[in-house]
Each structure stands twice: as C-alpha cells, then as structure tokens.
Trainee: 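Handing you a structure now.
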Number of protein chains: 2
Amino acid sequence: MEYTSEHPLAVNCVLFGYDVQDSDLKVFLIERVAPPFEGKWAIPGGFVIPGESVDDTAIQVLFGETGVKDLFLEQLYTFGNPRRGPGEHVVSVAYYALISINENTLTPDTEVRNAAWFSISDIPDFLAFDHDQILAKALERLQGKIRYQPIAFELLPTKFSLTQLQRLYETILEQKLDKRNFRKKLSSMGILQDLGEIEHDVSHRAARLYSFNERAYRRMQREGFLFEIREGSRKNSR
Amino acid sequence: MEYTSEHPLAVNCVLFGYDVQDSDLKVFLIERVAPPFEGKWAIPGGFVIPGESVDDTAIQVLFGETGVKDLFLEQLYTFGNPRRGPGEHVVSVAYYALISINENTLTPDTEVRNAAWFSISDIPDFLAFDHDQILAKALERLQGKIRYQPIAFELLPTKFSLTQLQRLYETILEQKLDKRNFRKKLSSMGILQDLGEIEHDVSHRAARLYSFNERAYRRMQREGFLFEIREGSRKNSR
DNA sequence: GCAAAAGTGTTCACCGTACACCCATGG
DNA sequence: CCATGGGTGTACGGTGAACACTTTTGC
C-alpha cells in the first residue's frame, strides 16, 4: 500500500446564479470545443497543477471561465468512478459557487467557446462526463444548506426586498412559503438590516429594501440561536 | 486549461468504533513504519490505483488494515493543500466509517505495524500529515449527521438497549439527554423493534433489547416524516 | 378607480422541555 | 434489604401552520 502512482486530477465548479427579475435559479455551463464530448455542454473545470492547492484551482477555474472573484465557494464532493468519462481515469473534485446574476456581469471568453446561464428547470438533456450527477448533488446540497445557513444572501443583490428573498427560497426549495410566517421568522432572527430605502420603477407599492447583517448573524450564533428556515419540513404539513 | 498533469492521489479512512461496555467512541489508528512521520500515529490510508474507483480504494484500505468489510462508509472531504505533508503534493480523499467494536473483531496485521483504538477523548498529540484536521472534520460530520439520519445503529450491536442507544447519542453529541423524552421520541418514530429479549448477566433489572427496523424507517421516510434527534438544539434550553 | 404587490396578527396544534417515582434484579 | 439501573406520564411554553384584509403606488 506504500507505493504511489500518478493520476490526472480535475476540478469542476458548479456556479449557481440567481436572477431576481424572473426569480430563476440558473447554472453556468460552457460548451466543449474539444473531444471528448465536443459540442456538449459541461460544468466549468480544469486540471490541478501539482503543488497548487485544490481550492486555489477551483478559484482559478471560476475566474478563468467567468472573470469573477470573491464569491461563495465550497467543496461539494469528489467523483472518482473510473468510468465517469471515456479514456483515462480522471478523478474530479467538485465545488459549487453562488453569485447574484444581477450584480455581476460575467466575462467569459466567448471567442473560443460558448458559455451561458441555463435555468435549473431547463438544463440540456446531455451534459459531458457525469456532470448531470455533479449538478444533481450540488442542487441537493444547496437545497439542504439554505435551510440552516444564511447562504441565500450570496445569491441576492446586497439590497433586496423581503419578497425577493422569499421567492429565492421558494425557487430553490421548490415549495410555496407563507408570506406572513416567513417575514415573522426572518424579523425575529434580527439578521436583516432595514436600509430605509425602497424599490424604484415598480408599478405598484414599492417594497422596503434590506441587507444581510452579518455581524448580527454572528452574534445570534454566539448566543446559541439557530438559523433555520424550516417551513414545510414538518410532517403535519398537509 | 485543457492539459493534464499527473498527481498521486490518496485515500484516508477515519474508522469510528463504539464500545457499548464503557460508552466510548474510538478511532482506529495505525503507527507509521516508514517516513515521513515514521513512528507517528495516522489514519489508515492508501493510494488510488488509476482505473480503480476511489470508493473502492476506500473499501480496500479498510479491509486491508482491519479485515472488515460491509460497513457504513461515506465520503467526507478532499484535502488538497500542497503543504499538508512534506515532499510531493498528495491530495487525499477522506472517508469515514462506522462500526460496532463489540460485534467486530478487527484483524490488523500487527506484525508489520501497530494498530489500535484510541478513545476520542484521548487522541495522540501529534498525528501524521494533516490527519488531526481530517479527524476533526469527521467528528463534526458524525455529530451533525447522527441527529437526522439513523446512523447511530451502525455503531451499536444489532441488539441493544434503549439506555445504550441514549449513551451513544450522549457520547457523540457531548451532552446529556433526558431519559423520558429520548424514549418518547424514539418510540413515537416506530423504527425500533422490541425483540422480546432482555439483557443477561447484569446485576440489576435487565433492559429490553431492540433492533433497528430499517423497513419501518423507510416507510416513515416515504410518508414524509423526519428522523430527528433535536433535543438540546433549541435555543430555549436553559 | 383599478390592478398589483406590500405589509400586518391571531388562533390552534404539536412537540420540545422539565421533572420524580416505582419496579425488577443480583448480591 | 439495598444498590443499581429500567421503565413510565404530565403540565407548560415555544413555534410551525393556517388564514384575510388594508395600504400604497402607477397607470
């Protein structure tokens, strides 16, 4: 067991973007320009250079494909099945990242390849390699984690309305939430800062704008309170 | 970004064992017989052979070091920092596994190396590589997961008493639980099968023995009920 | 004035919490 | 008979669930 043997090692980054205009969760995919799976859509990825941290590789893959830095990025799972792609056995460490589409303009180098946001409800039938599995796992993780960690705010603009926040939860959890209960819950946590501003250019009553107060969140954590959006997770929801 | 480069890839398996006699959670470690970290204790591991699934490598590492097969095994995290060990950059995919010490006799090949169970409260000060971090992450995962998935039974003999089950939760979660509430909760879930047997050779009233009813658990899941041991996780536990 | 979304409280049921005594067995 | 752990029920409070109307704004 004490011998080494060499291996190509890849990284893939599932980039989730949320569009507050149409309340839609999207995934950023690129079109492959070389075999295998030439012409198929794929999750952005790259190879780990020995001596470089795998986390850093993920950051650079994202930056290279999208021009974006400083975003929520977390390791997801490592896919190590030798038959996940044709040819050589490539193990891939998958990550997922979150970004607000409204506040970030991506600059993929579309001169060499196509790149686009796909609505989560309208993903191409075939993805390269086992990328459908990676995507499924990333979605599962996002759905689980959003209930008990304040990662929703990574997908929103810094200023947002309560309805926008609720729509985000509804989109990701794929269930309707009760407006009054949702607001009661959020306001009781005290992690939202009322900015004293309101929306503009809407053809109805303008909503108040809030921002996520990270300091208040950490204080809440220290005091042993839990961040939880549990609505609809109880068994007696008929 | 479209070039490959070779890499040694390792697997490490944190094997947790539980001893029902002294209500103690333990970790299985081996003593390294070769540099680096010769003479230091380490989490069992091995290298991935190209073409072999990473999951399979983990299974084989466990079997090779302990002689045990067919146990709960789940991927934990991939450690990819180039400075996690001296010398070449070795990325390691970490797993964790659960076993009942009472029902499994391990057969490590102690002729070539030392191997032993260490109480989780008495781990050697120095572990090889970044194995202290791997262990910490594994414990964290175990503590989180045991609350909402029935993995506790992987650590117990097939027949166990309610007190033994409660002690296991108390040991892992590092908090006291209320006997009556714990029993009420478990019996309301209906996933324990009363075997109609009792303990033997105890110098006090003998406890009833139960086993985990996986069929009932799956039925419960299908009906949308949640497995949850939340005691002590509420903010108003004063 | 009407369409469209913002904003706001109360009641009920369930479950997590706290808590104390009798029972069975071996020595 | 006593020491040791096994086994049981109830009252309270917090929170998730269900539910409808008024307000504000642009057109």
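Chain A is the first sequence line, chain B the second, and so forth, proteins listed ahead of strands; every chain is numbered from 1.
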Trainee: Nearest-Å distance, NZ (K185(A)) to P (dA17(D))?
Mentor: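 It works out to 10 Å between those atoms.
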Trainee: Over how many whole Å does the gap from E197(A) atom CD to dA6(C) atom C1' extend?
Mentor: 17 Å
Trainee: Of the listed nucleotides (dT17(C), dT23(D), dG7(D)), which one gets closest to any side-chain atom of R183(B)?
Mentor: dG7(D)
Trainee: Does any N or O donor sit under 3.5 Å from an N or O acceptor when you compare the side chain of K184(A) with the base of dT15(D)?
Mentor: no
Trainee: Is R208(A) close enough to dT8(C) that one of its side-chain N or O atoms is under 4.0 Å from OP1 or OP2 there?
Mentor: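 For R208(A), the contact criterion (side-chain N or O under 4.0 Å from OP1 or OP2 of dT8(C)) is met.
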Trainee: Quick one: is T163(B) getting a side-chain N or O under 4.0 Å of the dG6(D) phosphate, OP1 or OP2?
Mentor: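 The answer is yes; a side-chain N or O of T163(B) sits under 4.0 Å from OP1 or OP2.
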Trainee: CG of L226(A) versus C1' of dG16(C): gap in Å, rounded?
Mentor: 13 Å
Trainee: Taking atom C1' of dG9(C) as reference, at what distance in whole Å does atom CG of D178(A) sit?
Mentor: 12 Å
Trainee: Take E228(B) and S203(A), find for each the nucleotide of DNA chain C with the closest heavy atom, and name the residue whose nucleotide sits nearer the 5' end.
Mentor: S203(A)
Trainee: Give, for atom CD1 of I123(A) and atom CG of L139(A), the distance between the pair rounded to the nearest 0.5 Å.
Mentor: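 Answer for the CD1-CG pair, I123(A) versus L139(A), is 8.0 Å.
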Trainee: Could you say whether A206(A) or N181(B) is positioned toward the 5' end of DNA chain D, judged by the nucleotide with the nearest heavy atom to each?
Mentor: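 Checking each residue's closest nucleotide, the 5'-ward one belongs to N181(B).
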Trainee: Let me know the distance between CZ of R230(B) and C1' of dC14(C), rounded to the nearest Å.
Mentor: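 Distance, rounded to whole Å: 13 Å.
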Trainee: Please give, in whole Å, the distance from dA5(C) C1' to H204(A) NE2?
Mentor: 5 Å
Trainee: What I want to find out is whether R167(B) reaches E170(B) closely enough, with some N-O distance under 4.0 Å, to be called a salt bridge.
Mentor: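 Yes.
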Trainee: Can you measure I198(A) atom CD1 to dA4(C) atom P for me and round it to whole angstrom units?
Mentor: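 Rounding to the nearest Å, CD1 of I198(A) and P of dA4(C) are 20 Å apart.
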Trainee: Any side-chain donor paired with an acceptor under 3.5 Å for T163(A) and S161(A)?
Mentor: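 Result is no, nothing qualifies.
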Trainee: On the side chain of K179(B), is there an atom forming a donor-acceptor pair with the base of dG7(D) - under 3.5 Å, no angle test?
Mentor: yes
Trainee: Quick one: do K159(A) and E197(A) make a salt bridge, cutoff under 4.0 Å?
Mentor: yes
Trainee: Would you mind reading off the distance between F227(B) atom CZ and dG16(C) atom P, rounded to a whole angstrom?
Mentor: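 In whole Å, dG16(C) P and F227(B) CZ are 12 Å from each other.
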Trainee: To check you understand the geometry: which heavy-atom pair defines the closest contact between A116(A) and W41(A), and what is its length?
Mentor: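 Answer, listing the atom of A116(A) first, then W41(A): N-CZ3, 4.0 Å.
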Trainee: Between the base of dC19(D) and the side chain of R180(A), is there a donor-acceptor distance below 3.5 Å?
Mentor: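 Answer yes: a donor N or O sits under 3.5 Å from an acceptor.
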